J.: 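I'd like to ask you about the structure that follows.
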Amino acid sequence: MTDSASRPFLPFTRPSIDAESIAAVAEVFRSGQLASGPRVLAFEAALAAYVGGGREVRVMTSATAGLEMALEVAGVGKGDEVIVPAMSFAASANVIARVGARPVFVDIDIETRNLVIDQVSAAITPRTRAIMPVHFAGLSVDLDPLYAIAARHSLRVVEDAAHAIGSAYRGRKIGSFGDLVVFSFHPNKNMTSIEGGAIATADRDAAAAFERYRFHGIARNAEGEIDVLFPGAKSNMPDVSAQVGIDQLKRLDGFNARRRALAYRYFEEFAGYDRVVLPARGDEGHSWHMFTVLIDFPAHGMTRPEFQKHMAAHGIGVGVHYPCIPALTYYRSQGYDPEATPVAARVGRETVTLPLFPAMGDDDVPRVVRALKAVLG
Ligand SMILES: *Cc1c(COP(=O)(O)O)cnc(C)c1O
């Protein structure tokens, strides 16, 4: 075997939870206040301070729940269309379908893996209500022209910023500006609250609406009596999760700096190697949620699952983020054709995610790249 065989398996990602945050969670358990309480309020305040821009921030149990309520609050429903990139996690499109609207897929750029702005303009119809850009792997979408298009056509923008907590666009933090910006704190993301999500917005009415959407549609009248204004969801964040998020947020900038250093190490190790298509380098605002490369598997006489098995034999975990959404069974059944967005279709076939997380050692990147070169031959 290789130099990797004697070392522990390197997963493609792993959260960094320290003893301090485990102790802080134990304290929450001892307090007896496990569901939404003071820690949720503290987490929301800390997130608002972190993203800046005087934003309202509300947390919920996942980005998926957040994206869905953002669409509802934006008034998106039956008969409406929402423009979304064809390569993202399926949740980006699923939430559009779940509110009764139709996802309209646009293609992505081969390097940034973000939606192509010109295609957004071309996809607008009288039914378009919103655009959902996805900041893939933490590299910001080119938001100025996107918001200009949205303004020209009176469209809402729901940013899927699941990968982009701590990212910036032209020096401005994602979430510090814009319409409705949704983050994820799933354990695979740059920071975690076990499961969790947050919405940042300047819209105070929307923020008040999110409090109702995430908790049964409940509102209280002036006397403090409970009323229900609509059948809301049950997606309020527990205090245990919020405490994890509070501790993670303190470490986020350090995590992201480490991710960036590791990503740059990948570029060094891959210099001059032409069997993989590398992602765009971006700038300081890139938070490097993932390092994904494209490989023409048939040209190397193997399938992607075979490649993953060979890498696993070298002790290295490899992920797939993401298949082209229109290629998935549900979307095919709705009449979508992945070849209508050829770059997304290609990325969906060729992409693999290499290990990238803050606790990786300095020699892990060279080890991954040596294994990949050995496997591709
Ligand atoms: C992870 C992810 C989501 C969903 O986040 P959850 O918090 O797991 O619901 C949505 N969109 C993208 C692009 C993601 O990567």
Side-chain angles (χ1 to χ4, degrees), residues 12-15 40 43 47 57-72 82-99 103 105-106 108-109 112-115 130-141 157-167 174-175 180-200 210 213-214 233-238 241-242 244-245 248-249 252 256 259 279 286-292 319-326 328 331 344 347-348 351-353 356-357:
F12 75 83
T13 193
R14 189 171 60 211
V40 161
F43 187 29
L47 283 166
V57 176
R58 296 295 181 275
V59 296
M60 58 286 306
T61 43
S62 69
T64 304
L67 289 166
E68 189 171 322
M69 62 180 90
L71 289 171
E72 285 181 290
V82 179
I83 297 169
V84 64
M87 197 282 299
S88 178
F89 183 47
S92 309
N94 285 352
V95 292
I96 297 167
R98 285 176 59 79
V99 301
F105 294 107
V106 292
I108 57 165
D109 179 79
T112 65
R113 320 265 156 92
N114 281 334
L115 52 64
I131 309 170
M132 187 187 292
V134 179
H135 305 292
F136 185 79
L139 176 61
S140 174
V141 167
V157 176
V158 177
E159 294 180 40
D160 180 341
H163 300 175
I165 184 79
S167 297
I174 296 299
L180 298 160
V181 182
V182 183
F183 299 107
S184 172
F185 309 127
H186 179 275
N188 283 2
K189 304 292 157 69
N190 287 28
M191 61 169 273
T192 187
S193 60
I194 310 176
E195 294 281 2
I199 308 179
F210 296 139
Y213 268 92
R214 72 184 176 186
K234 178 64 168 72
S235 6
N236 57 302
M237 179 182 280
S241 276
V244 175
Q248 289 271 296
L249 185 60
L252 177 65
N256 287 353
R259 287 176 175 278
H286 194 333
S287 63
W288 287 103
H289 169 54
M290 296 189 285
F291 195 91
T292 61
V320 174
H321 305 91
Y322 300 94
C324 178
I325 300 173
L328 303 172
Y331 292 94
V347 171
T351 194
V352 287
T353 306
L356 182 64
F357 56 90

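Note that ligands are numbered from 1 as they come in the structure, with each ligand's atoms numbered from 1 the same way. Just so you know, these numbers come straight off a predicted model, no measurement behind them. Any value given below was found using the heavy atoms of this structure, including those in side chains, with hydrogens, waters and symmetry copies removed.
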J.: Distances for all N or O pairs of ligand 1 and the protein under 3.5 Å?
T.:
residue	atom	partner	partner atom	Å
ligand 1	5 (O)	Ser184	OG	3.3
ligand 1	7 (O)	Ala63	N	2.9
ligand 1	7 (O)	Ser184	OG	2.7
ligand 1	9 (O)	Ala63	N	3.3
ligand 1	9 (O)	Thr64	N	2.9
ligand 1	9 (O)	Thr64	OG1	2.5
ligand 1	11 (N)	Asp160	OD1	3.3
ligand 1	11 (N)	Asp160	OD2	2.7
ligand 1	15 (O)	His163	NE2	2.6
ligand 1	15 (O)	Lys189	NZ	3.1
ligand 1	15 (O)	Tyr322	OH	2.9

J.: Please name all residues satisfying side chain to side chain donor-acceptor pair (under 3.5 Å) with Thr351, sequence neighbours left out, ordered by chain then number.
T.: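 For Thr351 there are no side chain to side chain donor-acceptor pair (under 3.5 Å) partners, ignoring immediate neighbours.
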J.: Locate the shortest heavy-atom distance separating Leu328 from Pro323; write the atom from each residue and the value.
T.: CD2-CB, 4.1 Å
J.: Quick one: ring-ring contact (aromatic ring centres under 6.0 Å, His included) partners of His321, sequence neighbours excluded?
T.: Phe12
J.: Taking only residues two or more places apart in sequence or in another chain, which ones pass salt bridge (charged side-chain N to carboxylate O under 4.0 Å, His left out) with Glu68?
T.: Arg98
J.: Are Ser241 and Ser193 close enough that a side-chain donor and a side-chain acceptor fall under 3.5 Å?
T.: no
J.: Working to the nearest 0.5 angstrom, can you tell me the gap between Ile194 CD1 and Thr61 OG1?
T.: 12.5 Å
